[in-house]
Amino acid sequence: MPQPEPVSQSRMVDGRVLTNELLTGNLYLLRIEAELAPFEAGQFVRLELEVGGERIARPYSLVNPPHEPVAEILFNTVPAGVLSLALAALRSGDTVGVGQPASGFFTVDEAPAARDLWMFATGTGVGPYLSMLRTQKVWQRYERVVLVHGVRRREELVFQDVIDSIKQAYGRRFTAIGCVSREVHAQGLEGRVTEAVRSGALEDRTGFALSAADGSVMLCGNQAMINDMKRLLATRGMRRHLRREAGHILTEKYY
Ligand SMILES: Cc1cc2nc3c(=O)[nH]c(=O)nc-3n(C[C@H](O)[C@H](O)[C@H](O)COP(=O)(O)OP(=O)(O)OC[C@H]3O[C@@H](n4cnc5c(N)ncnc54)[C@H](O)[C@@H]3O)c2cc1C
């Protein structure tokens, strides 16, 4: 099990921006060359830049799996967001501080054991799952994995090539479903991820139940989704997973 790193051991290293690609709308994929210490899929690094004469750092999940050396960050700009707007302005060759080592407990090792793993994300919250899904660990620990990605518009369902290659590799063990809240989405589900669970539409798609008996749940993204999901899952007898008391739900709140 990964242990927390003492704060005194964390340090900033210089990262060199390889690419900073605008994927769609206000969603970017930042690729950084940096000397990354070993990390667990699902962990985050702090990115740091000087903004208005001040050093500003915020946490960002690593999208790349641990065996891939380039740090990949999926981020969106936030209106008047101090760091995200500065990150969006980065160009190839620029320098960005990368906190090392990566940290956090939103990892497969920390998730409750079960037959099925349900990964729920809103927006950029899909990042840590894209890292985990490309490790062996998740497939050794769970028989079936369901990725549910909630976005506003279809074009925000990014990394479809990665998702397709995971489908190819794991076949019926892996289900990926996009939930689009502001557009028609014939290939997936329409509405919020919470609605897909509440209505039963999600389980109609997977063909099996999201239950306390067989399911472990990870939630990553905004607080509103996490709280709504926790309330909804409580009606199915699912509760927060703690080290001292096994439960069903592990969360990572971005904002
Ligand atoms: C563990 C962890 C991992 C994270 N990983 C990622 C990641 O991989 N990608 C990513 O984009 N962000 C991630 N975040 C959020 C990120 O750290 C910043 O909070 C975000 O980029 C905004 O920073 P800022 O300086 O631009 O905004 P600030 O100037 O700090 O303004 C923050 C304001 O924007 C709101 N806000 C923050 N994030 C969002 C958002 N995504 N959408 C709408 N409003 C928002 C806050 O509620 C607050 O009101 C993560 C947060 C945590 C705690």
Side-chain angles (χ1 to χ4, degrees), residues 2 4-5 7 10 12 15 17 19-32 34 36 39-66 68 70-90 96-111 119-134 147 149-153 155-159 162 181-182 192-193 218-228 249-255:
E5 288 291 338
V7 173
S10 68
M12 280 289 160
V17 173
T19 54
N20 192 14
E21 189 187 347
L22 176 62
L23 299 178
T24 175
N26 63 345
L27 188 61
Y28 292 77
L29 176 64
L30 177 61
R31 300 178 72 249
I32 307 166
L36 294 185
F39 67 97
E40 286 288 322
Q43 290 189 313
F44 61 84
V45 292
R46 289 173 71 76
L47 295 184
E48 186 183 78
L49 286 174
E50 191 170 310
V51 186
E54 242 186 282
R55 301 297 298 178
I56 306 288
R58 306 260 189 270
Y60 293 90
S61 302
L62 290 166
V63 176
N64 54 303
E68 286 182 8
V70 171
E72 290 186 332
I73 306 288
L74 183 64
F75 75 96
N76 57 264
T77 53
V78 170
V82 177
L83 192 65
S84 59
L85 290 173
L87 291 177
L90 287 172
V96 54
V98 181
Q100 285 296 295
S103 54
F105 301 98
F106 195 68
T107 62
V108 170
D109 280 337
E110 296 287 334
M119 299 169 154
F120 290 92
T122 48
T124 55
V126 73
Y129 301 135
L130 293 166
S131 181
M132 292 176 211
L133 286 164
R134 286 179 284 173
L147 173 68
H149 188 192
V151 294
R152 291 177 182 169
R153 311 204 178 280
E155 63 189 14
E156 293 161 26
L157 293 170
V158 291
F159 279 90
V162 169
S181 63
R182 296 199 182 164
R192 292 171 185 255
V193 297
M218 298 181 91
L219 306 173
C220 185
N222 67 64
Q223 184 158 22
M225 179 279 279
I226 290 174
N227 289 344
D228 288 352
I249 307 167
L250 191 68
T251 64
E252 182 89 296
K253 176 173 76 87
Y254 275 8
Y255 66 97

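Order of appearance sets the numbers: ligands from 1, and atoms from 1 within every ligand. Remember, it's a predicted structure, so these values are computed and weren't measured experimentally.
The side-chain heavy atoms of V45 and Q100, taken from C-beta on, include a pair separated by under 4.5 Å.
Annotation: side chain to side chain contact (heavy atoms under 4.5 Å, CB included) contacts of E50 (sequence neighbours excluded): R55. Here T24 pairs with L27, E155, E156 under the side chain to side chain contact (heavy atoms under 4.5 Å, CB included) rule; sequence neighbours left out. A search for side chain to side chain contact (heavy atoms under 4.5 Å, CB included) contacts involving N222 returns T122, A224, M225, Y255, not counting sequence neighbours.
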Contact table ligand 1 N or O to protein N or O, d under 3.5 Å:
unit_1	atom_1	unit_2	atom_2	d
ligand 1	5 (N)	S61	N	3.3
ligand 1	8 (O)	S61	N	3.1
ligand 1	8 (O)	Y254	OH	3.4
ligand 1	9 (N)	L74	O	2.9
ligand 1	11 (O)	N76	N	3.3
ligand 1	14 (N)	P59	O	3.4
ligand 1	17 (O)	P59	O	2.7
ligand 1	21 (O)	Y60	OH	2.7
ligand 1	25 (O)	R58	NE	2.7
ligand 1	25 (O)	R58	NH2	3.2
ligand 1	25 (O)	V82	N	3.4
ligand 1	25 (O)	L83	N	2.8
ligand 1	26 (O)	V82	N	3.4
ligand 1	26 (O)	L83	N	3.4
ligand 1	26 (O)	S84	N	2.8
ligand 1	26 (O)	S84	OG	2.6
ligand 1	29 (O)	V82	N	2.9
ligand 1	30 (O)	R58	NE	3.2
ligand 1	30 (O)	R58	NH2	3.1
ligand 1	41 (N)	N76	ND2	3.3

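Using the six-membered ring where Trp is involved, F75 and Y60 have ring planes that are perpendicular, over 60° apart on the 30 and 60° scheme.
No more than 12 heavy atoms of other residues, nucleotides or ligands shown are found within 6.0 angstrom of CZ on R192.
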